[in-house]
Amino acid sequence: METFNKPQQRRSRFLSSEARVAYICLIPAILGLIFLTYLPLLGVLGISLTNWTGLKNPEFVGFSNYITLFTTDPYIKDSIIATLYFAFLSVAGSMIYSLFIAMLLNRKIPGRGFFRAVFYVPFVLPAAAIYVGWSWLYEANFGFFNYLLSEIGLNKVLFIADSNYVIPSLSLIAVWLSGNLIVIFLAGLQSVPSVYHEAAEMDGANGWNRFLHITLPCMTPIIFYNLLLSLIANLQVVTPALALTNGGPGNSSRFMTYLMYDQAFVNYKLGYACATTFIIFAILAAFTAVLFKTSKRWIFSEGDDDK
């Protein structure tokens, strides 16, 4: 009986020592989460309950900032609508565009490495330079896009000076900047087992059917990751408003992060700005929770008995 227990005891000791090593290796990550994420988040929540300008001692006001935000603030409704509208267009466009480009770059074409670099470069360029360049393209009188429209006999468009076009125009820039998603999709495409495609091709499946029934199901974990990454980034959008529109025209591009910036660094209402920040966090958390909750229904896992 003891001889049977000895291997089991050795195995349990090995697993316990392995667990200790794992916990030790996780200490830096845990400390990073505590000091760089959770404590600052608690700090934001605490400041949001005060009336603080950053120059005087904070005055505790309870939930007054949140009540003001949702009852008397003239910008909150427009900023939420603008943020959600921008996020929807940018996330949908980025996912379709980046997957399409990744599939093209996954084919054996001349200069494939060069084109991969070309489509990734916009993601690493300085944001200020990018938006200055796009402001020239969008310029109402002499911009390149309006030049093309005039050449084909169409009226010029006020891309970033018209409330009807400003969000789609800014979303187009966000789609163009999604080089990181292209790289991740490209890595995912290269991990799809070729044996599946070969078997389907032998059975007479065309390219569309192979994409629909093999490539997409195998890519669902990558799609989920990119969707989450894009959603978080685009719900926190602020650079286009700061660089191009200043929240205009009207309030059509006054995103929630721009509203927070305006309250904190223009009006010096740090408590009010932190309340806005916490609302942004709550919206992000809600969308992320919904995404994780629904992911089990559509993410394909090889070897999953439920599939």
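Quantities reported herein were computed from a predicted structural model and do not represent experimental measurements. Just so you know, these numbers use all the heavy atoms, side chains as well, and skip hydrogens, waters and symmetry mates.
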Sequence neighbours excluded - ring pair (Phe, Tyr, Trp, His ring centres under 6.0 Å) pairs with any residue from [range]:
{"range": "residues 172-191", "result": "Trp134-Trp176"}
{"range": "residues 270-293", "result": "Phe224-Phe292, Phe278-Phe281"}
{"range": "residues 227-268", "result": "Phe86-Phe255, Tyr261-Phe265"}

Please check if atom [atom1] in [X] has more than 12 non-hydrogen atoms from other residues, nucleotides or ligands closer than 6.0 Å.
{"X": "Lys156", "atom1": "NZ", "result": "yes"}
{"X": "Phe60", "atom1": "CZ", "result": "yes"}
{"X": "Phe211", "atom1": "CZ", "result": "yes"}

Using atom types as modelled, flag every donor-acceptor pair under 3.5 Å from a side chain in residues 232-240 to any protein atom, sequence neighbours excluded.
unit_1: Asn234; atom_1: ND2; unit_2: Ser230; atom_2: O; d: 2.8
unit_1: Asn234; atom_1: ND2; unit_2: Ser230; atom_2: OG; d: 3.0
unit_1: Gln236; atom_1: NE2; unit_2: Ile232; atom_2: O; d: 3.0

Are Leu216 and Ile223 close enough, and set up right, to give a side chain to side chain contact (heavy atoms under 4.5 Å, CB included), and what steps lead you there? CA-CA 9 Å; Leu216 271 186; Ile223 291 172; 3.8 Å; yes
Going by side-chain hydrogen bond (donor to acceptor under 3.5 Å, both in side chains), name the pairs with one or both residues in [range], residues two or more places apart or in two chains.
{"range": "residues 202-217", "value": "His197-Thr215, Asn206-Asn209"}
{"range": "residues 39-58", "value": "Ser48-Tyr66"}
{"range": "residues 97-106", "value": "none"}

Can you name the residues that form a side-chain hydrogen bond (donor to acceptor under 3.5 Å, both in side chains) with [X], not counting sequence neighbours?
{"X": "Asn180", "result": "none"}
{"X": "Tyr138", "result": "none"}
{"X": "Thr245", "result": "Ser253"}

Check whether any side-chain N or O of [X] sits under 3.5 Å from a backbone N or O of [Y] as a donor-acceptor pair, and report yes or no.
{"X": "Ser90", "Y": "Ala87", "result": "no"}
{"X": "Ser64", "Y": "Val61", "result": "no"}
{"X": "Ser150", "Y": "Tyr147", "result": "yes"}

Let me see the working for Asp162 and Val157 under side chain to side chain contact (heavy atoms under 4.5 Å, CB included), right down to the final yes or no. CA-CA 8 Å; Asp162 189 325; Val157 176; over 6 Å; no
Can you name the nearest heavy-atom pair linking [X] to [Y], along with the distance?
{"X": "Asp73", "Y": "Tyr75", "value": "OD1-N, 2.7 Å"}
{"X": "Leu284", "Y": "Leu231", "value": "CD2-O, 4.4 Å"}
{"X": "Ile167", "Y": "Ser252", "value": "CD1-O, 3.3 Å"}
{"X": "Pro249", "Y": "Ser163", "value": "CG-N, 3.4 Å"}
{"X": "Leu186", "Y": "Ala102", "value": "CD1-O, 3.4 Å"}
{"X": "Asn146", "Y": "Ala140", "value": "ND2-O, 3.1 Å"}

Do the side chains of [Y] and [X] get nearer than 4.5 Å, heavy atoms only?
{"X": "Pro168", "Y": "Ser171", "result": "no"}
{"X": "Ile222", "Y": "Asn226", "result": "yes"}
{"X": "Asn141", "Y": "Glu139", "result": "yes"}
{"X": "Asn246", "Y": "Leu242", "result": "no"}

Determine whether [X] and [Y] fall in the same hydrophobic cluster, where Ile, Leu, Val, Met, Phe, Trp and Tyr are linked whenever their side-chain heavy atoms lie under 4.5 Å apart.
{"X": "Leu158", "Y": "Leu148", "value": "no"}
{"X": "Leu49", "Y": "Leu69", "value": "yes"}
{"X": "Tyr225", "Y": "Leu189", "value": "yes"}
{"X": "Val118", "Y": "Leu137", "value": "no"}
{"X": "Ile76", "Y": "Met260", "value": "no"}

Summary of salt bridge (charged side-chain N to carboxylate O under 4.0 Å, His left out) pairs that have at least one residue in residues 245-274, sequence neighbours excluded: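 Salt bridge (charged side-chain N to carboxylate O under 4.0 Å, His left out) check on residues 245-274 returns Arg254-Asp262.
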How long is the straight-line distance from [atom2] of [Y] back to [atom1] of [X], given to the nearest 0.5 Å?
{"X": "Leu41", "Y": "Cys274", "atom1": "CG", "atom2": "SG", "result": "10.5 Å"}
{"X": "Leu270", "Y": "Thr277", "atom1": "CG", "atom2": "OG1", "result": "10.0 Å"}
{"X": "Ile184", "Y": "Leu99", "atom1": "CD1", "atom2": "CG", "result": "12.5 Å"}
{"X": "Ile283", "Y": "Thr83", "atom1": "CD1", "atom2": "OG1", "result": "7.0 Å"}
{"X": "Leu84", "Y": "Ile81", "atom1": "CG", "atom2": "CD1", "result": "8.5 Å"}
{"X": "Leu170", "Y": "Phe159", "atom1": "CG", "atom2": "CZ", "result": "12.0 Å"}

Can you list, by chain and residue number, the hydrophobic cluster partners of Val183 when the side-chain cut-off is 4.5 Å?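 Grouped by the 4.5 Å side-chain rule, Tyr120, Phe123, Val124 form the rest of the cluster around Val183.
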Audit row: Phe145, Leu149, side chain to side chain contact (heavy atoms under 4.5 Å, CB included) steps and yes/no: CA-CA 6 Å; Phe145 291 154; Leu149 291 175; 5.6 Å; no
